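Okay, so here's the structure we're looking at.
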Amino acid sequence: MIDLRLLRDDPDRVRASQRVRGEDESLVDVLLAAFDIRRAAVARADSLRGEQKTLSRSVAKASPEERPAVLARAKHLADEVKAAEADEAAADAALREAHLAVPNVVEEGVPPGGEDDFVLLDTVGTPPVIDAPKDHTEIGAALKAIDTERGVKVSGPRFYFLTGIGAQLELALVNLAMAQATEAGFVPVIAPALVKPDIMLGTGFLGAHAAEVYKLENDDLYLVGTSEVPLAGYHSNEILDVKDLPLRYAGFSSCYRREAGSYGKDTRGIIRVHWFDKVEMFSYIGVDDAVDEHRRLLAWEREFMDKLELAYRVIDVAAGDLGSSAVRKFDIEAWFPSQRAYRELTSTSNCSTYQSRRLNIRARGPQGIGPVATLNGTLVAVARTIACLLDHHQQPDGSVYVPAALRPWLGGREVLTAP
RNA sequence: GGAGGCUUCGCCUAGUCUGGUCUAUGGCGCCGCACUGCUAAUGCGGUUUGGGUCACAAGCCCAUCCCGGGUUCGAAUCCCGGAGCCUCCGCCA
């Protein structure tokens with residue numbers, strides 16, 4: 001939900017944001033109009049209610065002779081109030097709808113355009129040169145680490161079992177990520193993967209990407225696609241203390257994605273799956289510090305990539321490819337030798353006050369109560385990272401090299417070999 | 001799943017039976033001022049949140065007593081529905 005004051009003061013900035021996102025500029029004017037209509041409706045209902053209050057108080061004081069007349073007037077006024085309140089409610093609903101339809105106002109400097117219009121910020125490491133590289137599905141099967149066949153048998157396409165060293169690899173990655181996050185001052189959190197509708201709506205996932213989300217109809221709950229959702233909801237309807245900011249959480253949870261509209265994409269292996277586990281960084285921070293915090297989240301993501309000894313690049317995602325909550329997004333893409341391509345492994349977004357407004361999260365400081373910014377960043381999306389590790393660190397003899405940082409969590413193993 | 005109790009502006013609490021300055025009482029905490037070598041104590045004042053008007057000030061106005069409806073000129077208070085918490089019973093791990 002964008003700041004309506006910003007909209008009123010500088011509607012052109014919001015229009016410009018819509019333009020670089022490739023979205024409808026007229027939504028801005030719809031929102032402006034809805035805002036004006038609501039303000040007028042509120043003013044009218046307020047003043048009628050005020051009159052009614054005064055009049056109804058005078059009923060008790062009225063003498064028996066004047067009472068019938070006063071009552072008659074009061075009754076009439078009560079009808080007017082009722083009508084005005086109905087108008088007010090309708091104007092409120094219209095404003096809300098228009099408000100939800102406008103995505104966050106992008107940060108200055110975000111590249112315009114769509115998926116292919118990203119700007120390359122950095123390239124790290126040298127992609128390994130491998131003769132006839134195998135992909136992670138083949139390697140994972142040989143190591144008895146990934147069982148996609150039985151995943152499909154039991155749960156359907158885009159499901160898998162991690163077994164043996166594969167299961168251990170997940171635990172190792174999660175432990176490594178959690179250790180790094182904890183050392184950086186994040187509070188480790190195990191978060192629920194099912195949330196209520198208002199939380200899902202508040203984080204902005206029921207907008208353009210609603211088709212991506214699993215819903216449990218019988219229970220009116222959603223399966224989260226990332227622990228960003230429960231971590232954003234964690235402080236919903238709360239007034240935080242500015243002294244406590246930034247609040248940083250590292251959430252571990254399972255993540256569920258319908259992958260609607262990605263038919264035929266990455267059908268092999270565990271790069272694109274309906275369920276995976278993830279450690280996500282989440283920050284609540286003062287509005288003025290959000291841009292710096294975004295850079296810090298990116299730095300922590302890079303630190304983790306470095307620990308995994310992967311060749312990767314960092315991109316500044318174009319406006320049209322941002323989620324509705326984000327003002328800016330940086331992705332880290334790691335090298336997959338079997339695909340001869342960089343593929344997204346982590347992603348960090350600055351959501352400024354978009355989520356906190358929807359979720360009613362504020363902070364109290366010396367200057368009173370004000371908005372807070374929320375930001376998120378992936379530390380490790382386990383399945384895809386395992387896929388990358390197997391692919392990237394495969395050896396000619398079929399074994400897989402274990403990055404030094406991961407070894408303590410794998411009983412000191414330096415290579416993974418078939419059991 | 002069954003029975004009962006509870007939910008008031010940070011926390012605790014008065015008020016609900018008997019609808020009308022409830023424009024919500026008091027305490028704790030917090031903020032400011034005064035007093036005092038310092039601290040503490042004491043005294044005085046302030047302290048829900050959101051919205052409208054407006055300069056995003058002050059002031060004024062509206063809403064807010066778990067949520068949603070209803071009755072009424074008027075609801076914290078009466079009626080209906082829902083949620084959450086607690087206790088007991090049942091069931092399950």
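Here the structure is a predicted model, which is why all the values come from computation and not from measurement.
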Which whole-number value in Å describes the distance from [X] [atom1] to [N] [atom2]?
{"X": "Asp79(A)", "N": "G74(B)", "atom1": "CG", "atom2": "C1'", "result": "14 Å"}
{"X": "Leu48(A)", "N": "G74(B)", "atom1": "CG", "atom2": "C1'", "result": "16 Å"}
{"X": "Lys243(A)", "N": "G10(B)", "atom1": "NZ", "atom2": "P", "result": "17 Å"}
{"X": "Asn237(A)", "N": "G50(B)", "atom1": "CG", "atom2": "P", "result": "12 Å"}
{"X": "His76(A)", "N": "G74(B)", "atom1": "NE2", "atom2": "C1'", "result": "17 Å"}
{"X": "Arg39(A)", "N": "C54(B)", "atom1": "CZ", "atom2": "C1'", "result": "11 Å"}
{"X": "Glu88(A)", "N": "U64(B)", "atom1": "CD", "atom2": "C1'", "result": "13 Å"}
{"X": "Asp198(A)", "N": "C67(B)", "atom1": "CG", "atom2": "P", "result": "15 Å"}

How far, in whole Å, is [M] from [N] if one measures between their [atom1] atoms?
{"N": "A93(B)", "M": "A76(B)", "atom1": "C1'", "result": "43 Å"}
{"N": "A24(B)", "M": "G82(B)", "atom1": "C1'", "result": "26 Å"}
{"N": "U23(B)", "M": "C62(B)", "atom1": "C1'", "result": "13 Å"}
{"N": "G45(B)", "M": "G52(B)", "atom1": "P", "result": "33 Å"}
{"N": "C66(B)", "M": "U8(B)", "atom1": "P", "result": "6 Å"}
{"N": "G15(B)", "M": "G68(B)", "atom1": "C1'", "result": "24 Å"}
{"N": "U25(B)", "M": "C67(B)", "atom1": "C1'", "result": "25 Å"}
{"N": "G70(B)", "M": "C65(B)", "atom1": "P", "result": "15 Å"}

Polar pairs (N or O, both sides) under 3.5 Å between protein and nucleotides 55-62 of chain B?
from	atom 1	to	atom 2	distance (Å)
C62(B)	O2'	Asp46(A)	OD1	2.7
C62(B)	O2'	Arg49(A)	NE	2.9
C62(B)	O2'	Arg49(A)	NH2	3.2

Tell me whether Glu238(A) at atom CD has more than 12 heavy atoms from other residues, nucleotides or ligands lying less than 6.0 Å away.
yes
Under 3.5 Å on both distances, the Watson-Crick or G-U partner of [N]:
{"N": "G90(B)", "result": "none"}
{"N": "C44(B)", "result": "G32(B)"}
{"N": "U49(B)", "result": "A63(B)"}
{"N": "C85(B)", "result": "G5(B)"}
{"N": "C73(B)", "result": "G20(B)"}
{"N": "C54(B)", "result": "none"}

Counting just side-chain N and O atoms, does [X] come under 4.0 Å of either OP1 or OP2 of [N]?
{"X": "Arg362(A)", "N": "G50(B)", "result": "yes"}
{"X": "Arg44(A)", "N": "G52(B)", "result": "no"}
{"X": "Gln52(A)", "N": "G74(B)", "result": "yes"}

Distance only, no hydrogens: is a donor on one side chain within 3.5 Å (strictly under) of an acceptor on the other, for [X] and [Y]?
{"X": "His392(A)", "Y": "Tyr401(A)", "value": "no"}
{"X": "Lys278(A)", "Y": "Thr226(A)", "value": "yes"}
{"X": "Tyr312(A)", "Y": "Asp306(A)", "value": "yes"}
{"X": "Asp147(A)", "Y": "Thr163(A)", "value": "no"}

Between Ser352(A) and Asn104(A), is the side-chain hydrogen bond (donor to acceptor under 3.5 Å, both in side chains) condition met? List the steps.
CA-CA 8 Å; Ser352(A) 67; Asn104(A) 209 347; 2.9 Å; yes
Scan [X] against the nucleic acid and name what it touches under 4.0 Å (heavy atoms): base, sugar-phosphate only, or nothing.
{"X": "Ile369(A)", "result": "sugar-phosphate"}
{"X": "Lys196(A)", "result": "nothing"}
{"X": "Leu55(A)", "result": "nothing"}

Nearest-0.5 Å distance, CG of residue Leu194(A) to OH of residue Tyr222(A):
12.0 Å
CZ of Arg364(A) to CG of Asp241(A), rounded to nearest 0.5 Å, is 8.0 Å
Of the listed nucleotides ([options]), which one gets closest to any side-chain atom of [X]?
{"X": "Ile239(A)", "options": "U71(B), G74(B), U49(B)", "value": "U49(B)"}
{"X": "Val59(A)", "options": "U49(B), G51(B), C73(B)", "value": "C73(B)"}
{"X": "Val42(A)", "options": "U49(B), C73(B), G52(B)", "value": "G52(B)"}

Sole residue of Gln180(A), Glu303(A), Glu280(A) in side-chain contact (heavy atoms from CB on, under 4.5 Å) with Leu379(A)
Gln180(A)
Checking Val213(A) against Arg258(A) for the side-chain contact (heavy atoms from CB on, under 4.5 Å) test, could you report, in this order, the C-alpha distance in whole Å, the side-chain angles of both residues, the deciding distance, and whether it holds?
CA-CA 6 Å; Val213(A) 178; Arg258(A) 295 189 63 232; 5.7 Å; no
Which comes earlier along RNA chain B counting from the 5' end, the contact point of Ser56(A) or that of Ala43(A), where each point is its nearest nucleotide?
Ser56(A)
For Lys82(A) and Ala40(A), take the nucleotide of RNA chain B holding the closest heavy atom to each; which residue's nucleotide lies nearer the 5' end?
Ala40(A)
